[in-house]
Amino acid sequence: MTQMNFTDKTTKVAIIANGKYQSKRVASKLFSALRDDDSFYLTKKNPDIVITIGGDGMLLSAFHMYEKHLDSVRFVGIHTGHLGFYTDYRDFEVDKLLDNLHSDKGEKVSYPILKVTLTLSDGRQLTSRALNEATVKRFEKTMVADVIINHVQFERFRGDGISVSTPTGSTAYNKSLGGAVLHPTIEALQLTEISSLNNRVFRTLGSSIIVPKKDKIEIIPKRLGSYILSIDNKTYTHRNIAKIEYEIDHRKISFVATPSHTSFWERVKDSFIGDCDS
């Protein structure tokens, strides 16, 4: 996906779409319009703006594709399905998006993301970043793990697993687990238990916990075996995890700040409530 006529003032744009017919149709229209416009240069290498076409899953994939370039890239989404929490434009608003891109002055709206550091029993460390959440579950039987918050051993968890989400991710899996919805200007983590075991012998807090940016969450499994670690829409299996650390990353994800960038509460309302009856 390349074209000629690139200058220092040209905005480099990457277009990423899922395989659905409607997404391909929108991508083709957008590609044709930007290809013939000297203000833009179409390339997937080091873009200034990434346009995703599809839904939130497509934007999550694009985030992980460019997570090493978060300091220099901004995202904007077009949704072609029924629900798009991260997307500002509908599939019939391509012309509106083009108009806003022409008047773009580089402004952005930024949200915190999650840094996850996995330490294996052999000492190896693996680092990942999540836009929505990271979850850990034990593959065999009940998961038992110590939960440490800001160096305080908070509880010994027993249950199916634990989810740690970002503020923007608070409306995703976290919400279905009964967690709170956080505005993304609140730079915090949210820990939510997945089917915790609570009786006269084993006790956990049971409710979701909001942890400030300065604090780190550590999960230390107490049983050997295989664990399933999910980072947004990616899933990994690891044996014998020694520790998982969660913290707010020093970088953020940035979106193109156009007149169409919907407010967070408007997104929440449209996604979960809809029109209110008078």
Side-chain angles (χ1 to χ4, degrees), residues 60 64 112-184 186-250:
L60 284 172
H64 288 289
I113 60 174
L114 176 66
K115 179 181 177 182
V116 184
T117 303
L118 173 70
T119 302
L120 300 176
S121 56
D122 61 6
R124 286 181 296 154
Q125 284 193 330
L126 305 172
T127 301
S128 302
R129 288 171 178 82
L131 176 57
N132 275 352
E133 76 281 311
T135 64
V136 59
K137 299 178 181 179
R138 188 164 183 253
F139 193 75
E140 310 101 342
K141 300 181 180 179
T142 301
M143 174 176 152
V144 180
D146 285 340
V147 177
I148 299 173
I149 303 175
N150 197 28
H151 309 295
V152 174
Q153 186 163 336
F154 187 76
E155 66 180 18
R156 175 157 292 184
F157 171 85
R158 289 174 171 84
D160 285 354
I162 290 174
S163 171
V164 178
S165 67
T166 65
T168 47
S170 68
T171 57
Y173 186 37
N174 169 77
K175 183 178 181 298
S176 70
L177 295 173
V181 173
L182 293 185
H183 194 280
I186 303 172
E187 296 191 53
L189 305 173
Q190 184 166 184
L191 184 151
T192 308
E193 300 172 356
I194 305 173
S195 300
S196 58
L197 178 61
N198 281 286
N199 51 40
R200 291 190 301 172
V201 179
F202 306 126
R203 298 299 303 170
T204 65
L205 184 63
S207 61
S208 63
I209 305 170
I210 310 301
V211 179
K213 178 181 179 179
K214 67 181 182 62
D215 291 353
K216 180 187 294 185
I217 298 172
E218 299 174 73
I219 306 295
I220 302 178
K222 305 307 293 183
R223 292 177 177 174
L224 298 177
S226 297
Y227 288 83
I228 301 171
L229 182 65
S230 297
I231 307 291
D232 289 334
N233 55 358
K234 297 182 177 182
T235 301
Y236 309 92
T237 301
H238 296 282
R239 287 194 59 81
N240 303 333
I241 294 176
K243 179 172 61 174
I244 310 174
E245 299 169 274
Y246 307 85
E247 57 190 321
I248 292 291
D249 196 73
H250 70 280

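In this chain, residues are counted from 1 in sequence order.
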Asks: For P112 and E187, work out which heavy atoms get closest and say how close.
Replies: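 Reported closest heavy-atom pair: CG-CG, 4.2 Å.
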Asks: Going by salt bridge (Lys or Arg N to Asp or Glu O under 4.0 Å), name the pairs with one or both residues in residues 118-127, residues two or more places apart or in two chains.
Replies: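 Non-adjacent pairs meeting salt bridge (Lys or Arg N to Asp or Glu O under 4.0 Å): D122-R124.
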Asks: Does the D160 side chain pair with the main chain of S196, one donor and one acceptor, at a distance under 3.5 Å?
Replies: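 No, because the side chain of D160 does not come within donor-acceptor range (under 3.5 Å) of the backbone of S196.
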Asks: Using a 3.5 Å distance criterion without hydrogens, assess whether the side chain of D232 forms a donor-acceptor pair with backbone atoms of L131.
Replies: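 Yes.
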Asks: Less than 4.5 Å apart, any side-chain heavy atom of R158 and any of T204?
Replies: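 R158 does not reach T204 side chain to side chain.
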Asks: Quick check against the 3.5 Å criterion: does E155 have a side-chain atom that pairs as donor or acceptor with the backbone of L205?
Replies: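 Yes, the answer is positive, given that a donor and an acceptor are paired below the 3.5 Å cut-off.
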Asks: I'd like to check E133 versus L114 (side-chain heavy atoms, cut-off strictly below 4.5 Å). Are they in contact?
Replies: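 Answer no - side chains too far apart.
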Asks: Please name the pair of heavy atoms, one in S165 and one in S170, separated by the smallest distance, quoted to 0.1 Å.
Replies: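 So the minimum-distance heavy-atom pair works out to OG-CA, 4.1 Å.
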Asks: Not counting sequence neighbours, which residues clear side chain to side chain donor-acceptor pair (under 3.5 Å) with T171? List them please.
Replies: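 Side chain to side chain donor-acceptor pair (under 3.5 Å) list for T171, sorted by chain: empty.
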Asks: Got I219 and Y246 here, is their nearest side-chain heavy-atom distance under 4.5 Å?
Replies: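 Yes, side chains in contact.
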Asks: Name all residues meeting the salt bridge (Lys or Arg N to Asp or Glu O under 4.0 Å) criterion together with K234; count only those two or more places apart in sequence or in a different chain, and write none if there are none.
Replies: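 Partners of K234 by the salt bridge (Lys or Arg N to Asp or Glu O under 4.0 Å) criterion come out as none, since no residue qualifies.
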Asks: Give, for atom OG1 of T166 and atom CD1 of I113, the distance between the pair rounded to the nearest 0.5 Å.
Replies: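 Separation between the atoms: 9.0 Å.
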Asks: Measure the shortest side-chain to side-chain distance between Y173 and I194 over non-hydrogen atoms and say whether it is less than 4.5 angstrom.
Replies: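 With C-beta onward as the side chain, the pair touches.
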Asks: Counting only heavy atoms not in Y236, do more than 12 sit closer than 6.0 Å to its OH atom?
Replies: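 Count over threshold, so yes.
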Asks: By side chain to side chain donor-acceptor pair (under 3.5 Å), which residues pair with T142, not counting sequence neighbours?
Replies: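 Not a single residue meets the side chain to side chain donor-acceptor pair (under 3.5 Å) criterion with T142.
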Asks: What pairs with T135 under side chain to side chain donor-acceptor pair (under 3.5 Å), at least two apart in sequence or on another chain?
Replies: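 Side chain to side chain donor-acceptor pair (under 3.5 Å) check on T135 returns nothing, list empty.
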Asks: From S128 OG over to I244 CD1, what is the distance, rounded to the nearest 0.5 angstrom?
Replies: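 Those atoms lie 10.5 Å apart.
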Asks: Do K214 and N150 come close enough that some side-chain heavy atom pair is under 4.5 Å?
Replies: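 Counting from C-beta outward, K214 and N150 do come under 4.5 Å.
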Asks: P221 and A145: which non-hydrogen atoms are nearest, and at how many Å?
Replies: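 Looking at all heavy atoms of both residues, the closest pair is CA-CB, 3.8 Å.
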Asks: Which heavy-atom pair separates Q153 from I148 by the least distance, and what is that distance?
Replies: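 Scanning both residues completely, I find the closest heavy atoms to be CA-CG1, 4.1 Å.
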Asks: Would you name the heavy atoms of P212 and A188 that are closest together and state the gap between them?
Replies: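 Where P212 meets A188 most closely, the heavy atoms are CA-CB, 4.3 Å.
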Asks: Rounded at 0.5 Å granularity, tell me how far CD1 in I210 sits from CG in D215.
Replies: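 Reported to 0.5 Å precision, the distance equals 12.5 Å.
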Asks: Closer than 3.5 angstrom, by distance alone: can the side chain of T192 be matched with the main-chain N or O of N174 as a donor-acceptor pair?
Replies: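 No: the side chain of T192 does not pair with the backbone of N174.
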Asks: Under the rule for side chain to side chain donor-acceptor pair (under 3.5 Å), what residues qualify as partners of Q190, not counting sequence neighbours?
Replies: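 Checked Q190 against side chain to side chain donor-acceptor pair (under 3.5 Å); matches are S208.
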Asks: My understanding is that only one of R138, R239, K137 makes a side-chain hydrogen bond (donor to acceptor under 3.5 Å, both in side chains) with S226; could you say which?
Replies: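 When R138, R239, K137 are each tested with S226, the side-chain hydrogen bond (donor to acceptor under 3.5 Å, both in side chains) holds only for R239.
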Asks: Could you state the interatomic distance from NE2 (H64) to CZ (R129), rounded to the nearest 0.5 Å?
Replies: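 These two atoms lie 11.0 Å from each other.
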Asks: Atom CG of L120 and atom CD1 of I241: how far apart are they, to the nearest 0.5 Å?
Replies: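 Result: 6.5 Å between the selected atoms.
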Asks: So how far is it from E247 CD to K216 NZ, rounded to the nearest 0.5 Å?
Replies: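 The CD atom of E247 sits 4.5 Å away from the NZ atom of K216.
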